[in-house]
There are 2 protein chains.
Amino acid sequence: MTNKVIKGNTRDRIIESAKKLFAEQGYQKTTVIDISKQAGLSEAALYEYFQGKEDLLLTIPDLWVSELIEDLKEQLFGIKGAFNKLRKYLWWYLRRIEEAPLDAKIVYLFLKTNANFMETEVYSNVKILYSSLIDIFEEGRASGEMKPDLNPYFARTIFIGTMEHIVTRWLVKDMSYSLFDNLEDTFDLMVDAFKKGNST
Amino acid sequence: MTNKVIKGNTRDRIIESAKKLFAEQGYQKTTVIDISKQAGLSEAALYEYFQGKEDLLLTIPDLWVSELIEDLKEQLFGIKGAFNKLRKYLWWYLRRIEEAPLDAKIVYLFLKTNANFMETEVYSNVKILYSSLIDIFEEGRASGEMKPDLNPYFARTIFIGTMEHIVTRWLVKDMSYSLFDNLEDTFDLMVDAFKKGNST
DNA sequence: GCGTTACCCTAATAACATTAGAAAAATATC
DNA sequence: GATATTTTTCTAATGTTATTAGGGTAACGC
């Protein structure tokens, strides 16, 4: 029992160390020695917990992304109207990014460009996260809030593209300003594309 | 004189080899030996032309991106109307991506996430490439085609975000479909956000 | 006490990027 | 055309890093 607790702690310590170093120095420039030193271990011990450096990278954001899925349901629960849900989705997502910039940086800058990303648990979880947008757009179309001929998939492309662009820019610029700057205006502008009565 | 030609050829050969291998196997998994073998050289000779592996990565897309800037002016020349320019911009850009998928893959998947990207010539050239969108949106606002209170920077965020999302998805999915699938519809949907008469 | 297990270590090994120093090829100079 | 000089390339180190081998130690069950 003490066993498992200690093991759990060590594993977490490795993850926290790697997360910090990857986000600070980048994946390539971080060495396994760096990580194990930071975690208070020898290099070899690290291999008891992870298959290697890449496995570590692929595993780090697992927990964070799974939590996101759970939380999203909560957050959207009880919100009426497609536009209100859409707005909540964006604000909620950006706040989660703001709260966990290390995880975000790893996912956006290192993981998404990894050749094995698509076989990752994170990938399938992100897909789930994004699939709920389809429901929102369909609801909007059905309720008459949005265009009757709105294609939810095209709308999602625009929404996710814009959102990810905002996030990536913020991460690349080292989080030097607020993620929420101009968000209101950009959101209002974007959703005009989806609104009923706006010609296609 | 023959000197320079030969030297030029060798340098180009190295770039072509590196481009191919980076795009195929990724930056990390490509070794300097791979590159030099493919180019018909020893490893050491490669270092006469480039400072190292990273320098190579940062240099590869230089030429391609500079050409883009030149070409863009040509392409937009004589097109009347902001929406027509916007459409041309998107179609032109995607065709250039389609024609040079290796360069595109390197820029989108490996370069943009490199810590030194922002000190790159490619970065400043991409900024130029994207800055012309501001002019287009300003023209649209001035001419009355677009909303009188349209903020060109917010509009650009939406446009670039959507465009880059389309490109990135295509690259990550290994170019297994046409970049132009559904482009017309997605474009039409997006630009509704910018059109005059659509409420903000 | 003794075996088992979980955890961790030191010391290889192997792959790789990069550099040193010299050979070989090309070019210039006389 | 022979020799000096410069350019281009090579073989052979060197140093860094990821990964593995093999063993030690401590807790725990019996």
Side-chain angles (χ1 to χ4, degrees), chain A residues 1-60 106 110-111 113-117 119-120, chain B residues 1-60 106 110-111 113-117 119-120:
Chain A
M1 193 155 160
T2 8
N3 256 349
K4 288 216 168 178
V5 170
I6 287 170
K7 179 154 189 176
N9 279 339
T10 305
R11 198 186 136 94
D12 288 351
R13 236 167 45 235
I14 294 171
I15 289 188
E16 284 310 310
S17 306
K19 191 188 289 189
K20 181 165 171 286
L21 291 170
F22 284 159
E24 261 173 28
Q25 329 176 338
Y27 174 71
Q28 293 168 54
K29 285 179 185 157
T30 302
T31 75
V32 176
I33 303 178
D34 288 343
I35 301 170
S36 37
K37 257 189 194 156
Q38 177 101 40
L41 286 164
S42 72
E43 308 144 74
L46 187 147
Y47 286 85
E48 293 287 323
Y49 296 90
F50 298 95
Q51 288 178 6
K53 195 180 164 187
E54 192 176 3
D55 179 40
L56 201 39
L57 175 71
L58 298 176
T59 307
I60 286 178
I106 287 165
F110 309 126
L111 196 55
T113 63
N114 185 288
N116 299 322
F117 173 56
E119 278 77 48
T120 293
Chain B
M1 190 153 160
T2 6
N3 251 352
K4 289 217 168 176
V5 171
I6 287 169
K7 179 154 187 176
N9 278 340
T10 306
R11 199 186 134 94
D12 289 351
R13 236 169 42 237
I14 294 171
I15 288 188
E16 284 310 310
S17 307
K19 192 188 288 188
K20 181 165 170 287
L21 291 170
F22 285 158
E24 261 174 32
Q25 328 175 341
Y27 174 70
Q28 295 166 54
K29 284 178 186 158
T30 301
T31 74
V32 176
I33 304 176
D34 287 345
I35 299 170
S36 38
K37 257 189 195 155
Q38 177 100 38
L41 286 164
S42 71
E43 309 143 73
L46 186 146
Y47 285 86
E48 294 290 322
Y49 297 90
F50 298 94
Q51 288 180 6
K53 194 180 165 187
E54 192 177 3
D55 179 40
L56 200 39
L57 174 70
L58 299 176
T59 306
I60 287 178
I106 286 165
F110 309 127
L111 196 55
T113 63
N114 185 289
N116 300 321
F117 173 56
E119 279 77 47
T120 294

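Every chain is numbered from 1, with letters handed out A, B, ... down the list of sequences. Remember, it's a predicted structure, so these values are computed and weren't measured experimentally.
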In Å and rounded to the nearest 0.5 Å, what is the NZ to CG distance from Lys29(A) to Leu21(A)?
-> 14.0 Å
Atom-pair distance (CG on Asp55(A); C1' on dA18(D)), nearest Å | 14 Å
Are any of Thr30(A)'s side-chain N or O atoms less than 4.0 Å away from OP1 or OP2 of dT17(D)?
-> no
Check against side-chain contact (heavy atoms from CB on, under 4.5 Å), Lys19(A) and Ile14(A) | CA-CA 8 Å; Lys19(A) 191 188 289 189; Ile14(A) 294 171; over 6 Å; no
Is the phosphate of dT8(D), meaning OP1 or OP2, less than 4.0 Å from a side-chain N or O of Tyr49(B)?
-> no
How many Å lie between CD1 on Ile33(A) and P on dG15(D), as a whole number?
-> 15 Å
Return each pair, listed once, that meets ring-ring contact (aromatic ring centres under 6.0 Å, His included) where at least one residue sits in residues 24-45 of chain B; pairs must be two or more places apart or across chains.
-> Phe22(B)-Tyr27(B)
Distance-minimising heavy-atom pair for Gly26(A) and Thr30(A) | O-OG1, 2.7 Å
Expected rows: protein N/O vs nucleotides 9-13 of chain C N/O, under 3.5 Å:
| residue | atom | partner | partner atom | Å |
| --- | --- | --- | --- | --- |
| dC9(C) | OP2 | Ser42(A) | N | 2.7 |
| dC9(C) | OP2 | Ser42(A) | OG | 3.0 |

For the pair made of CG in Leu57(A) and P in dA18(D), what is the distance, rounded to whole Å?
-> 13 Å
Rounded to whole Å, CG of Leu46(B) lies from C1' of dT11(D) at a distance of 16 Å
Going by atom types only, do Asn114(B) and Gln28(A) share a side-chain donor-acceptor pair under 3.5 Å?
-> no
Apply side-chain contact (heavy atoms from CB on, under 4.5 Å) to Lys20(B) and list each qualifying residue two or more places apart in sequence or on a separate chain.
-> Glu24(B), Gln38(B)
Protein-nucleotide distance (Gln28(B), atom CD; dA15(C), atom C1'), rounded to Å | 15 Å
Take the protein atom CD of Gln25(A) and the nucleotide atom C1' of dT17(D), then report the distance between them rounded to whole Å.
-> 14 Å
For Leu56(A) and Gln51(A), run side-chain contact (heavy atoms from CB on, under 4.5 Å): C-alpha distance rounded to whole Å, both residues' side-chain angles, the deciding distance at 0.1 Å, then the answer.
-> CA-CA 8 Å; Leu56(A) 201 39; Gln51(A) 288 178 6; over 6 Å; no
Quickly work out the Glu54(B) CD to dC16(C) P distance and round it to whole Å.
-> 18 Å
Between CZ of Phe50(A) and C1' of dA18(D) the distance, given in whole Å, is 16 Å
Report which part of the nucleic acid Ser36(B) touches: base, sugar-phosphate, or nothing (heavy-atom distance under 4.0 Å, all strands).
-> nothing
5'-most contact on DNA chain D (nearest-nucleotide basis), Gln51(A) vs Lys29(A), goes to Lys29(A)
